Amino acid sequence: MSLDPRAHAAFAAAVGAENIVDDPVRRRAYECDGLTGYRVVPDMVLLPRTAEEVAASVRVCHEHGIPFVARGAGTGLSGGALPVADGVVISLARLKRVLEVDPENRRAVVEPGVTNLEITGAAASHGLYYAPDPSSQQVCTIGGNVAENSGGAHCLKYGFTTNHVLSVEVVLPDGTLVTLGGDSPEQQGPDLRGVFLGSEGTLGITTKIVVRLLRTPETVRTLLADFPSVGEAGDVVSDIVAAGIVPAAVEMMDTLAIEAAEEAVHAGYTLGTPAALVVELDGPVEECDDQFEQVKVICDKHGCTRLHIAGSPEERAAIWRGRKAAFAAVGRISPDYFVQDGVVPRTRLAEVLGRIADMGSEAGIRVANVFHAGDGNLHPLVLYSAAAGETERAEKLSGQIAELCVELGGSLSGEHGIGTDKACSMPKMFSEDDLAVMQRVRTAFDADGICNPGKVLPTPRLCGERPGKYSPHPLEESGVIERL
Amino acid sequence: MTSTEHGAAPTTLRPENLHEARDAVLDTPGSLGITGAGTAADWAGRLRDVDAVLDLSGLHGIIAHNPGDMTVSVHAGTPLRDLQAELAEHGQHVSLDAARIADGATVGGLVATADAGPSALVHGGMRDLVIGTTTLLADGTVARSGGHVIKNVAGYDLAKLMHGSYGTLGALVEVVLRLHPTPKATGTVALACPLAEAAGHASRVLESPLEPTALEWISGERSTSEQGRLLVRIESTEAALPARMERVAALLGAGAETTSDDVWDVHVSLVRGSGDGAVLRIGARPSRLPGLLAGLPCTTVTAGLGTGVATVTVPGTAVAEAHEAVHAVGGTSVLRRRPAGLDAPAWGPPPSALAVLNAVKAQFDPDGRFGPGRFDPWEIP
């Protein structure tokens with residue numbers, strides 16, 4: 001324990017001694033999040049029960065210069081909740097009340113430890129639901145969703161967390177409690193709520209969230225279609241978009257991902273098919289039916305080899321079970337794997353998949369692909385065996401895939417975040433000036449640099465950067481940006 | 001070339017590209033007001049006396065439109081109206097229907113003023129449509145954030161910081177937008193009724209699965225004593241629109257009728273305001289909006305019954321008390337048009353995060369060069 005005893009006493013006063021975890025064994029439970037390759041045991045874990053206790057804890061950190069990391073369910077995949085050496089973890093697990101469901105204004109007020117799915121659970125009796133649906137929605141918390149600006153399968157039509165949060169109560173890194181956003185979309189000055197959403201726990205800790213709720217759609221139509229190639233499945237997506245249809249979701253899986261998912265959950269996908277598409281439409285019945293017929297015609301036109309239409313809610317659930325199980329299911333066909341998260345402009349999907357296949361062959365590593373085809377968000381699953389000494393090669397390939405996405409005009413991350421994992425790749429996507437300006441934002445919120453330090457933005461200590469001679473930025477080379 | 005008009009103060013700088021804009025900011029000492037088409041010059045706090053005006057309307061045109069990806073990047077001085085015309089050829093549009101688009105408002109200006117129209121009910125505002133920005137700061141730094149893809153969580157989202165900043169933090173020079181397909185068919189159902197009654201109808205529409213794109217009550221054009229109307233806009237396919245319109249009309253009951261989409265021009269003119277009144281933009285919890293508006297001396301009203309966003313005209317002398325009334329129900333308000341000579345506060349009480357706004361300002365524009373006065377009477381330097 002390297003914590004100053006005075007700080008220890010102050011934390012005990014802030015949350016109560018019984019709500020402090022300092023036993024070394026119990027502290028280890030907090031050493032990593034869903035990205036298990038990075039581990040740091042925190043000096044102390046605090047379990048506040050109220051916003052006031054969170055604020056009091058942060059004030060102690062502020063007064064003693066102790067870095068802190070907020071933690072929800074710990075399901076993040078980018079190491080955003082990785083503890084900091086000589087720092088504390090502030091767990092929001094005990095702030096888990098649904099404070100209000102307001103059907104008249106279609107909103108709910110919740111604490112950060114409420115899970116994503118619990119919000120919909122609380123709203124369902126009013127015919128309302130909370131739209132963003134990350135695959136981990138049964139366990140991930142809304143506080144974590146706010147930090148990561150989480151997406152999900154349905155964000156092509158419905159948007160991300162940022163589009164569904166009206167306001168957040170935030171404990172700033174100096175311990176003051178403020179509200180960002182308000183009762184309506186009207187703003188009072190710059191959209192600080194929008195800046196905070198997706199800031200990966202680096203600008204403060206949210207203690208209360210007001211979310212928008214949507215009316216449950218009247219109709220949902222879901223189909224599963226097989227195609228002779230990923231290219232043809234991609235053409236189907238292009239034609240759907242060109243027809244002016246905005247599907248609720250369009251998901252694609254390749255042979256290897258299907259094999260894994262089928263082995264795990266037997267959802268009725270076709271083994272051996274090169275590509276499968278899940279297309280879901282929702283909305284008023286007349287429009288949904290009209291557009292669903294158009295989608296079927298488009299599938300046929302592109303050589304669909306099997307079209308399965310969900311005939312019941314159970315059949316729809318089975319299709320989604322296969323898709324959502326894919327990540328964990330690859331554990332059945334590979335001893336170890338990395339989940340990657342990158343984005344390319346949707347029209348470059350076929351190209352990026354070809355490049356990934358080539359890179360995989362070259363590295364001698366298999367890659368299974370699951371992706372949100374509607375918005376170009378890829379989740380390549382890099383399969384390897386640590387026992388066979390493949391870890392380093394697989395990790396390198398995984399990183400190269402994310403950087404390839406940037407090269408093709410996309411992004412390092414669509415929904416998992418930068419966190420610890422990709423902070424050192426940020427210079428591939430942003431210039432020094434871009435990153436320096438992002439640092440100004442961070443400094444405005446956290447002048448002392450104690451709020452989840454080391455995440456999102458690269459630091460020399462973290463990344464071993466050495467000043468070198470000028471070389472053109474990849475975006476400059478591709479003509480996307482110009483250097484002044 | 002940067003053109004510089006001599007004579008009348010302040011100087012106007014009108015760069016035609018990013019390089020010239022950056023040079024203009026670096027070469028011009030003192031304070032700068034940033035403007036696009038000038039369609040919101042009156043909004044928010046009154047710009048204090050500045051040394052020069054940076055007019056970005058010379059930075060216009062599409063940089064790249066990718067129809068298959070449904071994204072477009074533009075120079076920030078591009079009028080959205082012009083952009084929509086080009087996108088229409090591809091069956092696409094930016095899902096924003098703010099009133100002043102018709103006046104030539106620029107993409108950058110619409111972001112900086114956080115403007116939105118009735119379809120914000122479904123599509124949100126510019127903050128929900130911008131996926132990337134390039135911003136010029138007061139010290140000449142050029143910073144990009146976001147990118148060219150719809151889904152992207154890499155780095156802080158500077159577009160949000162610029163949204164609603166009224167040119168006080170930086171000058172937007174390039175903006176990347178996500179696009180939506182232009183609806184194949186659009187229709188409006190109208191029902192003449194007072195606001196309180198409209199609110200009840202609106203609740204039933206929102207409880208139903210009818211998914212309106214806009215749900216607004218408008219007052220009579222000249223005075224609230226004229227009969228107002230509830231407007232329900234439906235966007236759909238040609239095949240499905242008639243049935244959806246019928247269901248809306250049936251739900252609203254006697255008196256509901258299909259009306260020409262021209263009725264939205266009336267909405268636009270009410271949002272603009274006319275005569276010698278002051279225009280206030282108000283946001284509040286939707287259920288509180290009708291009661292709030294009933295207590296204000298409004299001469300005209302548009303009220304978003306799903307969004308909680310209203311635009312009202314009130315006598316200039318009533319602005320200060322209107323701010324108080326809105327604040328008392330937890331809402332927000334800002335002055336959008338001030339009669340000549342009116343010395344009323346532009347904003348209601350400041351938000352709880354005023355210290356953060358000040359800290360951001362200090363980081364982005366430590367010398368207070370850009371847009372002085374826009375957040376008066378709050379104490380932002």
Side-chain angles (χ1 to χ4, degrees), chain A residues 104-106 148-149 151 155 159 163 178-180 182-192 194-195 198-199 215 217-218 238 241 244 246 283-284 286-287 290-291 343 345-347 375-377 409-415 417-418 426 429-430 433-434 437-438 440-441 443-445 481 484, chain B residues 19 22 66 68-70 91 114 120 124-125 127-128 141-145 147-157 160-161 163-165 169 181 184 203 206 209-211 236-237 239-240 243-244 281 283-287 307-309 330-332 351-353 356-357 359-360 363-364 375:
Chain A
E104 190 179 5
N105 290 298
R106 298 173 314 290
E148 301 297 316
N149 188 18
C155 57
N163 309 110
V178 298
T179 298
L180 309 179
D183 275 354
S184 84
E186 277 297 294
Q187 291 174 198
Q188 286 187 294
D191 181 13
L192 295 180
V195 175
S199 60
R215 206 278 184 196
E218 182 175 35
S238 293
V241 170
V246 181
E286 300 89 354
E287 186 172 313
D290 183 21
Q291 295 188 331
V343 190
R346 201 188 47 72
T347 47
D375 48 31
N377 185 194
S411 172
L412 284 172
S413 176
E415 54 190 2
I418 299 301
M426 285 288 272
M429 185 162 165
F430 295 107
D433 281 352
D434 301 339
V437 171
M438 290 182 194
R440 294 194 207 186
V441 175
T443 303
F445 278 82
I481 65 168
L484 292 174
Chain B
H19 294 262
R22 182 167 180 264
N66 307 301
D69 296 322
M70 305 203 78
R127 77 178 287 283
D128 303 290
T141 303
V142 176
R144 292 176 171 78
S145 83
H148 292 257
V149 285
I150 291 166
K151 200 171 182 183
N152 180 4
V153 296
Y156 298 140
D157 192 352
K160 301 292 194 294
L161 208 48
H163 190 256
S165 67
L169 298 177
K184 299 271 195 256
S203 288
L206 291 168
L210 297 175
E211 300 193 10
S236 186
T237 61
R244 286 184 62 189
R281 179 77 150 188
R285 199 170 297 192
S287 62
T307 57
V309 176
T332 59
S352 62
V356 181
L357 290 179
V360 170
Q363 285 292 322
F364 276 65
F375 289 108

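Just so it is clear, the model here is predicted, and its values are computed rather than measured. Throughout, protein chains are lettered first and strands after them, A, B, ... in sequence-line order, and every chain is numbered starting at 1.
In terms of non-hydrogen atom pairs under 4.5 Å with chain B, the most contact-rich of A:Gly198, A:Gly410, A:Gly189 is A:Gly189. The choice from A:Asp183, A:Asp290, A:Leu180, A:Thr347 that makes the most heavy-atom pairs within less than 4.5 Å of chain B is A:Asp183. Interface check for chain B: of the options A:Arg215, A:Arg106, A:Glu218, A:Glu148, the most heavy-atom pairs under 4.5 Å are formed by A:Arg215. Interface check for chain A: of the options B:Ala154, B:Pro209, B:Pro181, the most heavy-atom pairs under 4.5 Å are formed by B:Pro209. Comparing B:Leu161, B:Ile150, B:Asp157 by how many heavy-atom pairs each has under 4.5 Å with chain A, the most go to B:Leu161. Chosen from A:Gly376, A:Gly417, A:Pro217, A:Ser184, the residue pairing most often with chain B at heavy-atom distances under 4.5 Å is A:Ser184. Top candidate by heavy-atom pairs under 4.5 Å with chain B, chosen from A:Gly244, A:Ser411, A:Pro284, is A:Pro284. Among A:Ser238, A:Gly182, A:Gly159, A:Ser199, the residue with the largest count of heavy-atom pairs under 4.5 Å with chain B is A:Ser199.
Looking at A:Pro190 and B:Leu357, their side chains come closer than 4.5 Å, going by heavy atoms from C-beta outward. B:Tyr156 is not listed as a side-chain neighbour of A:Val437, based on a closest heavy-atom distance of 4.5 Å or more. The closest side-chain heavy-atom distance from A:Pro345 to B:His148 is not below 4.5 Å. Residues A:Leu412 and B:Val153 are not in side-chain contact: their nearest non-hydrogen atoms beyond the backbone lie 4.5 Å or more apart.
When all heavy atoms of A:Ile418 and B:Gly155 are compared, the closest pair comes out as CG1-N, 4.1 Å. Across A:Gly414 and B:Lys151, no two heavy atoms sit closer than the pair O-CG, 3.4 Å. Residues B:Pro351 and A:Gln188 share a closest heavy-atom pair of CB-OE1, 3.6 Å.
A donor-acceptor contact under 3.5 angstrom links the side chains of B:Ser287 and A:Asn105, judged on distance only.
Only the backbone of B:Ala284 comes within contact range of chain A, with heavy atoms under 4.5 Å apart. Only the side chain of B:Leu169 comes within less than 4.5 Å of a heavy atom of chain A; its backbone N, CA, C and O stay farther away. Only the side chain of A:Glu104 comes within contact range of chain B, with at least one heavy atom under 4.5 Å from a heavy atom of that chain. For B:Leu210, the part lying under 4.5 angstrom from a heavy atom of chain A is the backbone only.
Note that the CD atom of A:Gln291 and the OG atom of B:Ser236 stand 7.0 Å from one another [nearest 0.5 Å]. Atom CE of B:Met70 sits about 13.0 Å away from atom CG of A:Asp375, to the nearest 0.5 Å. To the nearest 0.5 Å, the span separating CD on A:Glu287 from CZ on B:Arg244 amounts to 4.5 Å. From A:Glu415, atom CD reaches atom CG of B:Asn152 across 11.5 Å, with rounding to the nearest 0.5 Å. Taking CG of A:Asn163 as the reference point, atom CG of B:Asp128 lies at 4.5 Å (rounded to 0.5 Å).
Taking A:Asp191 as the reference, A:Arg193, B:Arg127 meet the salt bridge (Lys or Arg N to Asp or Glu O under 4.0 Å) condition, with sequence neighbours excluded.
Between the B:Gln363 side chain and the A:Thr443 main chain, no donor and acceptor come within less than 3.5 Å of each other. Of the possible polar contacts, one joining the A:Arg346 side chain to the B:Gly68 backbone as a donor-acceptor pair under 3.5 Å is found.
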Before you tell me yes or no, could you show the steps for A:Arg440 and B:Thr141 under side chain to side chain contact (heavy atoms under 4.5 Å, CB included), namely the whole-Å CA-CA distance, both residues' side-chain angles and the distance that decides it to 0.1 Å? CA-CA 12 Å; A:Arg440 294 194 207 186; B:Thr141 303; 3.4 Å; yes
